[in-house]
Amino acid sequence: MNRILIGAQWGDEGKGKIIDILSRKSDIIVRYQGGNNAGHTVKFDDQTHILHLIPSGILHKDKVCVIGNGVVIDPAAFFKEVDVLEKKGIRVKGRLFVSEQAHLILPHHRLMDCLREEDAKKGEQIGTTKKGIGPCYADKMARVGIRVGDLRNLPYFKERLEAVLKERNEILRKIYKHPGLSFKEVLAECLSTRSRLLEYSIDTPSYLFSASRKGKSLLFEGAQGTLLDVDHGTYPFVTSSNASVGGAITGSGVSPTLIDRVIGVVKAYTTRVGEGPFPSQFPAALMKEIQKKGDEFGSTTGRPRRCGWFDALIVRHSVRINGLDEMALMKLDVLSGLPELKIAVAYELDGKTYGDFPPSSCDFARVKPVYETMKGWKEDLTHVKRWKDLPANARKYLKRLERLMETPIRMISVGSKRSQTVIL
Ligand code: GDP
Ligand code: IMO
Ligand code: MG
């Protein structure tokens, strides 16, 4: 059974927790897009692990993990994570592989990401994680990027690095009034991790193809969420990769004919980090309350996540774009104690009502949500193990979400630990 797991909102839905659970029944866990902008949290045995670049499946000591060609890799960030895991006694060598075709995040990418954000006028900032993600993917598409496998051929690597740095330094000096980066220093940084990184690098598409031929099951770990997808999200307030289902195919080299199921992860409400429109955002007081109850602070940058009511239109958009077969519904426990719950079921704009997510980002920035209101529940849900033990109003809320999403909920999460999960 080969499965893809996708975030169905703006990221941070709780993908890490579900990947951890699904990893038990998978042989190989594959990351296929994004980079260390992601932050996936897994909690068990009173330990908290936050993975950025390495698939969350690595915490299962008998599983193999692959970082696919669609991922962008900052070698320093990669080894920082490897070292943290090894220090915890989780050995990764020999069961973690990196694609030779994955692009490298280089110092000028990180610098450009920071400078662009600082330079952008208010309203034009994306609120990126400043990890160099956008500039790295831009170089990939402009065909001037440098890939992990290029490190094998040192003269070729140096030649490409020198050429791209020369051009970037012109931009840094002329547009950003920055002195530019020294080729010698950037090269030294790349060389410091070169041989170690090459030890992890393999031809991942061939590896995955033969593993699948031998009957191994693959689990694809999405990063970010569908509304942050560069094509299908709230452009331009998105990340620079395909966080939706297509990214799993191009970003791993595995054929869509091998995929059996696509699973969506969705929060019982909505959150968003960084800039961009968010129609169902809570008023300030409620936002503070839910941020606190749901511990809604970014696992990568520590920024507070904006919070809001469940938006059925954006999730239905995700269901359709990704062909989601089932849902994992997360953080239901956080809503306990609210007297009533709202769900955005339509948008209003210029006197017209819209029942589906509008593809135009200009319109989306101006829409006003139309809410349906449901009764809340007081009970603490963190010990609930079975559907029938949920309060009646919580069950009604979930049933309503299921209908609006047009997709069955198969897992309900009522706390951050593995054990706090209701499997239906
Ligand atoms: P990801 O990026 O989608 O993997 O999600 P993050 O790890 O960035 O954010 C999800 C946060 O919610 C983490 O701190 C999780 O430990 C936590 N979490 C996951 N599921 C639940 C849940 O059902 N209830 C509560 N209260 N917290 C949860
Ligand atoms: P996980 O995998 C939430 C957001 C940033 C910013 C936009 C672009 O943990 O769900 P980038 O640095 O990617 O160029 O920033 O995307 N963003 C995320 N938001 N969860 C994430 O990952 C995110 N990765 C990027 O906040 O708005
Ligand atoms: Mg996250």
Side-chain angles (χ1 to χ4, degrees), residues 5-21 31 33-44 47-53 55-56 71-72 74 105 109-110 112-114 116-117 125-138 221-230 233-241 243 264-278 290 292-306 328-336 380-382 384 411-422:
L5 185 119
I6 301 271
Q9 291 154 317
W10 277 290
D12 300 327
E13 296 88 351
K15 298 177 291 294
K17 170 173 168 168
I18 299 301
I19 285 285
D20 175 60
I21 292 173
R31 264 289 299 272
Q33 46 72 233
N36 58 319
N37 49 348
H40 299 172
T41 315
V42 181
K43 292 189 188 173
F44 57 87
Q47 280 191 51
T48 299
H49 306 270
I50 300 179
L51 284 311
H52 299 282
L53 194 49
S56 309
V71 177
V72 287
D74 182 330
I105 298 182
H109 295 135
R110 288 192 303 262
M112 292 287 244
D113 198 358
C114 295
R116 272 187 199 156
E117 280 289 288
Q125 284 166 327
I126 307 287
T128 74
T129 57
K130 299 188 178 170
K131 303 289 183 194
I133 306 295
C136 182
Y137 277 114
E221 171 172 344
Q224 289 82 51
T226 304
L227 276 296
L228 286 173
D229 181 286
V230 68
T234 46
Y235 192 88
F237 300 98
V238 293
T239 190
S240 301
S241 65
V265 186
V266 69
K267 259 180 206 169
Y269 48 99
T270 314
T271 62
R272 174 161 210 177
V273 210
E275 303 303 320
F278 184 175
I290 297 296
K292 194 159 166 234
K293 271 168 85 178
D295 194 19
E296 293 295 359
F297 296 90
S299 10
T300 299
T301 57
R303 290 177 291 175
R305 297 172 183 148
R306 291 186 276 155
L329 195 291
M330 315 300 290
K331 302 189 94 156
L332 189 65
D333 54 300
V334 177
L335 298 181
S336 290
D380 170 21
L381 305 185
T382 54
V384 171
M411 277 183 262
I412 302 162
S413 178
V414 291
S416 53
K417 294 192 178 152
R418 270 180 193 166
S419 54
Q420 292 172 302
T421 314
V422 179

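Note that ligands are numbered from 1 as they come in the structure, with each ligand's atoms numbered from 1 the same way. None of the values given here were measured: they were computed from a predicted structure. Here, residue 1 is the first one in the sequence, and each next residue gets the next number.
Remark: side-chain polar atoms of K293 are paired, donor with acceptor, to backbone N or O of S336 under 3.5 angstrom. For the pair E117 (side chain) and I126 (backbone), a donor-acceptor distance under 3.5 Å is present. Side-chain N or O atoms of Y137 include one that pairs as donor or acceptor with a backbone N or O of G34 at under 3.5 Å. Of the possible donor and acceptor atoms, one in the side chain of T226 sits under 3.5 Å from a partner among the backbone N and O of G7. Using a distance-only test at 3.5 Å, with no hydrogens or angles considered, no donor-acceptor pair links the side chain of R272 to the main chain of G274. Between the side chain of D20 and the backbone N or O of I18 there is no donor-acceptor pair closer than 3.5 Å. Between the side chain of D229 and the main chain of A243, a donor-acceptor pair closer than 3.5 Å is present.
Residue, atom and distance of the protein heavy atom nearest to atom 12 (O) of ligand 2 are T129 OG1, 2.5 Å. The single protein non-hydrogen atom nearest to atom 15 (C) of ligand 1 is T41 CB, 4.0 Å, given as residue, atom name and distance. With respect to atom 16 (O) of ligand 1, the closest heavy atom belonging to the protein is S416 CB, 3.3 Å. Atom 1 (P) of ligand 1 has its closest protein heavy atom at K15 N, 3.5 Å. Among all protein heavy atoms, the one lying closest to atom 11 (C) of ligand 1 is K331 NZ, 3.6 Å. Closest to atom 4 (O) of ligand 1, if we only count protein heavy atoms, is G16 N, 2.8 Å. Looking at atom 3 (C) of ligand 2, its nearest protein heavy atom turns out to be D12 OD2, 3.2 Å. At the top of the distance list for atom 25 (C) of ligand 2, counting protein heavy atoms only, stands Q224 CG, 3.8 Å.
Every atom of ligand 2 with a heavy atom of V273 under 4.0 Å away is listed here by number and element: 3 (C), 19 (N), 26 (O), 27 (O). Those atoms of ligand 2 with a heavy atom of G39 less than 4.0 angstrom away are 1 (P), 9 (O). For ligand 2, the atoms sitting less than 4.0 Å from at least one non-hydrogen atom of R303 are 5 (C), 26 (O), numbered in the order shown with element in parentheses. The ligand atoms of ligand 2 that sit less than 4.0 angstrom from a heavy atom of A223 are 2 (O). Counting the atoms of ligand 1 from 1 in the order shown, those under 4.0 Å from a heavy atom of M330 are 20 (N). Shown in contact with V414 at under 4.0 Å from a heavy atom are these atoms of ligand 1, numbered in order with element: 23 (O). Close contacts between ligand 2 and W10 involve ligand atoms 3 (C), 19 (N) [criterion: under 4.0 Å to a heavy atom].
T300 and K131 are not linked by any side-chain donor-acceptor pair at a separation below 3.5 angstrom, with hydrogens and angles left out of the test. K17 and S413 share a donor-acceptor pair across their side chains, judged by distance under 3.5 Å alone. Residues E221 and S56 have side chains that bring a donor and an acceptor to within less than 3.5 angstrom of each other. Side-chain contact annotation: T271 with D12, donor-acceptor N/O pair under 3.5 Å absent.
Using a 4.0 Å cut-off between heavy atoms, K15 contacts ligand 2 through its side chain alone, with no backbone atom that close. Here V238 has backbone heavy atoms under 4.0 Å from ligand 2, and that is the only part of it that gets that close. The part of H40 lying near ligand 2 is the side chain, judged by heavy-atom distances below 4.0 Å. The side chain of D333, and not its backbone, has at least one atom closer than 4.0 Å to an atom of ligand 1 (non-hydrogen atoms only; side chain from C-beta on). Of the heavy atoms in S413, both backbone and side-chain atoms come closer than 4.0 Å to ligand 1. Counting heavy atoms under 4.0 Å from ligand 1, residue V334 touches it through the side chain alone. Residue K43 touches ligand 1 through its side chain alone, judged by heavy-atom distances below 4.0 Å.
For atom 6 (C) of ligand 2, the nearest non-hydrogen atom from the set G34, G274, G233, G127 comes from G127. Nearest residue to atom 17 (N) of ligand 2 from N37, T239, L228, T300 is L228 (criterion: closest heavy atom). Around atom 9 (O) of ligand 1, the closest heavy atom drawn from H49, H40, R305, M411 belongs to R305. Among L51, T382, D12, the residue whose heavy atom sits closest to atom 10 (C) of ligand 1 is D12. For atom 15 (O) of ligand 2, the candidate residues are V230, T128, V265; the nearest heavy-atom contact is made by T128.
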Quick one: do V273 and W10 satisfy side-chain contact (heavy atoms from CB on, under 4.5 Å)? Show the steps, please. CA-CA 8 Å; V273 210; W10 277 290; over 6 Å; no
Determine, step by step, whether I105 and V72 satisfy the side-chain contact (heavy atoms from CB on, under 4.5 Å) criterion, reporting the C-alpha distance in whole Å, the side-chain angles of both residues, the deciding distance to 0.1 Å, and the verdict. CA-CA 6 Å; I105 298 182; V72 287; 3.8 Å; yes
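When all heavy atoms of L228 and F237 are compared, the pair lying nearest together is CD2-O, 3.9 Å. Residues A268 and L329 come closest through the heavy atom pair CB-CD1, 3.7 Å. Annotation for E275 and R306: closest pair C-NH2, 3.3 Å, computed over non-hydrogen atoms.
Taking the Mg ion (ligand 3) as reference, D12 places its N/O/S atom OD1 nearest.
A cation-pi arrangement is found for R418 relative to F44, the charged atom lying closer than 6.0 Å to the ring centre and inside a 45° cone about the ring normal.
Any N or O atom pair closer than 3.5 Å counts here, and K17 shares no such pair with ligand 1. For the pair E275 and ligand 2, the shortest N or O to N or O distance does not fall below 3.5 Å. For a threshold of 3.5 Å applied to N or O pairs, the pair formed by G415 and ligand 1 contains at least one separation below that value. Residue-to-ligand polar distances place S299 within reach of ligand 1: an N/O pair is separated by less than 3.5 Å. Between G39 and ligand 1, at least one N/O pair is under 3.5 Å apart. For K130, no nitrogen or oxygen atom sits less than 3.5 Å from a nitrogen or oxygen atom of ligand 2, counting backbone and side chain alike.
E296 has no carboxylate O lying under 4.0 Å from a charged side-chain N of R303, or vice versa, which leaves the two without a salt bridge. A salt bridge links D74 and R110; the closest N-O separation between the charged side-chain nitrogens and carboxylate oxygens is under 4.0 Å.
The Mg ion (ligand 3) does not have G298 among its coordinating residues (no N/O/S atom, backbone or side chain, under 2.8 Å).
Interatomic distance, D295 CG to T41 OG1, rounded to the nearest 0.5 Å: 8.5 Å.
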